[in-house]
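Comments concern the structure below.
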Amino acid sequence: MPIAKVSAVEAESRPTGIGELDRVLGGGVVPGAVILLAGEPGVGKSTLLLEVAAQSARKGQRTLYVSGEESAAQVRLRAGRTDALVDELFLAAETDLGAVVGQVDAVEPAFLVIDSVQTMAHPEVDGAPGGVTQVREVTGALVRLAKERNIAVVLVGHVTKDGAIAGPRMLEHLVDVVLAFDGDRHSGFRMVRATKNRFGPSDEVGCFDMVDTGIVEVSDPTGLFVSEHAEPVAGTCVTVMMEGRRPLLAEVQALVGPSAAPQPRRTTSGLESSRVAMVLAVLGNRAGLKLTDQEVYVATVGGVKITEPVADLAVAISVASSVMDKPIHPGLIAIGEVGLAGEVRRVGGLEKRLAEAARLGFTKAIIPADVPNRSKDTKPMDMQAKYGLRTFAAGDIRAALIAAGLG
């Protein structure tokens, strides 16, 4: 058939009713698509998918939730707690793939959830459930089922101790969408990231919060990562990180004190320890701060993890603020990567970061001095008029500390 005559109506996405998940999926779930949701035990995968299944059923789409890890009564209890009792939502506790196909024939769902793919066993394949052969054959059979009957299928996947999806690598190639669901055990904040998406962007993230009644979406999570102080406190600085296409403000806190040990302790939480050690070395050699006999503790607020180097400048300012016991201006943010020569390097997405900081009421920003011109008519220092905050261009770490009032 000529490609222009192929109907694209069947491939249009349908919203799930959960905005943060739709953002990651590219607008919703496509009929016939197979989605793999992977995450650590206890992160909330089943709770999230039960809510998605309930939302689908509320829209009149018959939904089948197959649990291979819990009994039907256990899932029913969780559904009652999260208000997921809907007439069009059908529940089955089964681990045999042949029985699951029979239930699909009987129910004829438009949306199918398999929790989890590692518990399912193909009747014609040898090996224990969860083995490489079983996982590959079960996934292949479910993919064929989804395509032939135009059913949207979501598979729950386990992860290894290293965080990789358990099973053969082919598992990720067979499905259409791969989602990673992660979060800190000591925090209710959760994130869904798309690592593969045939129907939308693969760099988006969705934010959720685990509460007593289940899981709720967080459309503006910035407040979770920035603490509120009645008065300015030394050792704190706010930066703007990028999670996918979304800018998020995050607060970096530092505590520096004398140490009697021959090797002072360096402890980090939410930041890469190697980058923090590099920033401390730059502060000692390029800015003249003596930290060799000081213990340094650096952490983020709210359990957020910052992996990009944009937080280097905020780490340096918070450490210097703690050493001098001098708080910085409460409306100040710092954005920039710190090099070994002490220079402050530019970062991507600066305009989005500044716009988000201005939206949340920040009035000053320390940015790299070599900010590129996005248009010929806009100069780097015109950002004050555009975003409503005053920018300080710092070429090196010393200039950044002076701009923060720590020179």
Contact summary for G157 and K45, nearest pair of heavy atoms: O-CE, 3.9 Å

Without swapping roles, check the side chain of Q74 against the backbone of S71 for a donor-acceptor pair under 3.5 Å. yes

Is it true that E343 and R345 have a side-chain N and a carboxylate O under 4.0 angstrom from each other? yes

Is Q134 reaching over with its side chain to a backbone N or O of G127, donor-acceptor style, under 3.5 angstrom? yes

Would one find more than 12 heavy atoms of other residues, nucleotides or ligands at under 6.0 Å from atom NZ of K305? no

Interatomic distance, L142 atom CG to L97 atom CG [nearest 0.5 angstrom]: 5.5 Å

Side chain proximity check, L354 to I367, heavy atoms < 4.5 angstrom: yes

Rounded distance (nearest 0.5 Å) linking atom CG of L64 with atom CD1 of I151: 9.0 Å

Has S202 got a side-chain atom pairing as donor or acceptor with G200's backbone, closer than 3.5 angstrom? no

With heavy-atom distances below 4.5 Å as the criterion, would you say the side chains of T213 and D83 are in contact? no

V178 side chain reached by I165 side chain, heavy atoms, under 4.5 Å: yes

Provide the closest heavy-atom pair for P123 versus D96 in the form atom of the first, atom of the second, distance. CB-OD1, 4.1 Å

Heavy atoms only: give me the nearest P262-P264 pair and the separation to one decimal. O-CD, 3.6 Å

N/O donor to acceptor pairs below 3.5 angstrom from side-chain atoms of residues 46-53, sequence neighbours left out:
residue : atom : partner : partner atom : Å
S46     : OG   : D115    : OD2          : 2.6
E51     : OE2  : Q55     : NE2          : 3.1

Mind checking whether P221 and L248 have side chains closer than 4.5 Å, heavy atoms only? yes

Would you find a donor on one side and an acceptor on the other, under 3.5 Å apart, between the side chain of E94 and the backbone of V100? no

Check for a donor-acceptor pair, side chain of S321 on one end and backbone N or O of I317 on the other, with a separation under 3.5 Å. no

With a 4.5 Å cut-off on side-chain heavy atoms, are V310 and T239 touching? yes

Assess whether side-chain contact (heavy atoms from CB on, under 4.5 Å) is satisfied between R14 and Q61, documenting all intermediate values. CA-CA 11 Å; R14 300 174 182 174; Q61 298 179 2; 3.7 Å; yes

Spacing of T133 atom OG1 and D126 atom CG [to the nearest 0.5 Å]: 9.0 Å

Heavy-atom donor-acceptor pair, S318 side chain to V315 backbone, under 3.5 Å: yes

By salt bridge (Lys or Arg N to Asp or Glu O under 4.0 Å), which residues pair with D293, not counting sequence neighbours? none

Close side-chain approach of K290 to V323, heavy-atom, < 4.5 Å: no

Distance from F225 atom CZ to M241 atom CE, nearest 0.5 Å? 5.0 Å

Listed partners of R266 passing salt bridge (Lys or Arg N to Asp or Glu O under 4.0 Å), at least two apart: none

Where do A72 and L91 come nearest, in terms of heavy atoms and distance? O-CD2, 3.3 Å

Scanning both residues in full, the closest heavy-atom pair of R245 with P201 reads NH2-CB, 3.4 Å

Verify the ring-centre separation between Y65 and F111: is it less than 6.0 angstrom? no

Which pair of non-hydrogen atoms, one from V86 and one from A57, has the smallest distance, and what is that distance? CG1-CB, 3.7 Å

Given salt bridge (Lys or Arg N to Asp or Glu O under 4.0 Å), test R353 with E308 step by step and report yes or no. CA-CA 13 Å; R353 301 176 198 262; E308 57 178 339; 3.2 Å; yes

Classify the side-chain pair T236/Q253 by whether it contains a donor and acceptor separated by less than 3.5 Å. no

Any pair with a residue in residues 311-335 that passes salt bridge (charged side-chain N to carboxylate O under 4.0 Å, His left out), sequence neighbours left out, goes on the list, sorted by first then second residue, please. R275-D312

Please test T268 against S273 for side chain to side chain donor-acceptor pair (under 3.5 Å), starting from the C-alpha separation and ending with a verdict. CA-CA 6 Å; T268 63; S273 57; 4.8 Å; no

Would you please test L283 and I397 for side-chain contact (heavy atoms from CB on, under 4.5 Å) and show each step? CA-CA 8 Å; L283 284 173; I397 190 67; 4.0 Å; yes

Is the side chain of E251 donor-acceptor paired with the backbone N or O of S227 at a distance under 3.5 Å, no angle test? yes

Working for side-chain contact (heavy atoms from CB on, under 4.5 Å), residues T300 and I306: CA-CA 8 Å; T300 57; I306 306 178; 3.8 Å; yes

In the structure I gave you, are the side-chain heavy atoms of V252 and L271 within less than 4.5 Å of one another anywhere? yes

Solution key, residues 19-39 side-chain donor-acceptor pairs under 3.5 Å, sequence neighbours excluded:
residue : atom : partner : partner atom : Å
E20     : OE1  : C207    : N            : 2.9
E20     : OE1  : R246    : NH1          : 3.2
E20     : OE1  : R246    : NH2          : 2.9
E20     : OE2  : R246    : NH2          : 3.1
D22     : OD1  : T16     : N            : 3.0
D22     : OD1  : T16     : OG1          : 2.7
D22     : OD2  : T16     : N            : 3.3

Those residues at least two apart in sequence (or on a different chain) that pass side-chain contact (heavy atoms from CB on, under 4.5 Å) with V6 are M1

Of all residues at least two apart in sequence or in a different chain, which pass the ring-ring contact (aromatic ring centres under 6.0 Å, His included) check with F199? none

Sequence neighbours excluded, which residues qualify as ring-ring contact (aromatic ring centres under 6.0 Å, His included) partners of Y297? none

Under 3.5 Å donor-acceptor, S322 side chain and G235 backbone: no

Spacing of NZ belonging to K196 relative to CG belonging to L179, to within rounding of 0.5 Å: 11.5 Å

Does atom CD (E40) have a neighbourhood of more than 12 heavy atoms from anything else shown, all under 6.0 Å? no

Please tabulate, for the side chains in residues 329-336, all donor-acceptor contacts under 3.5 angstrom to protein atoms that are two or more places apart in sequence or on a different chain.
residue : atom : partner : partner atom : Å
H329    : ND1  : G331    : N            : 2.9

Electrostatic pair R62-E88, nearest N-O below 4.0 angstrom: yes

Looking at residues at least two apart in the chain, or sitting in another chain, which of them share a salt bridge (Lys or Arg N to Asp or Glu O under 4.0 Å) with R193? D182, E243

Taken in chain and number order and not counting sequence neighbours, the residues that satisfy side-chain contact (heavy atoms from CB on, under 4.5 Å) with A320 are L289, L401, L406

Restricting to salt bridge (Lys or Arg N to Asp or Glu O under 4.0 Å), what partner residues turn up for D176, sequence neighbours left out? K147, R198

Spatial distance of atom CZ (F208) from atom CD1 (I215) [nearest 0.5 Å]: 6.0 Å

Would you please say whether a donor-acceptor pair under 3.5 Å links the side chains of S116 and E69? yes

Does the side chain of Q294 come within less than 4.5 Å of P258's, by heavy atoms? yes

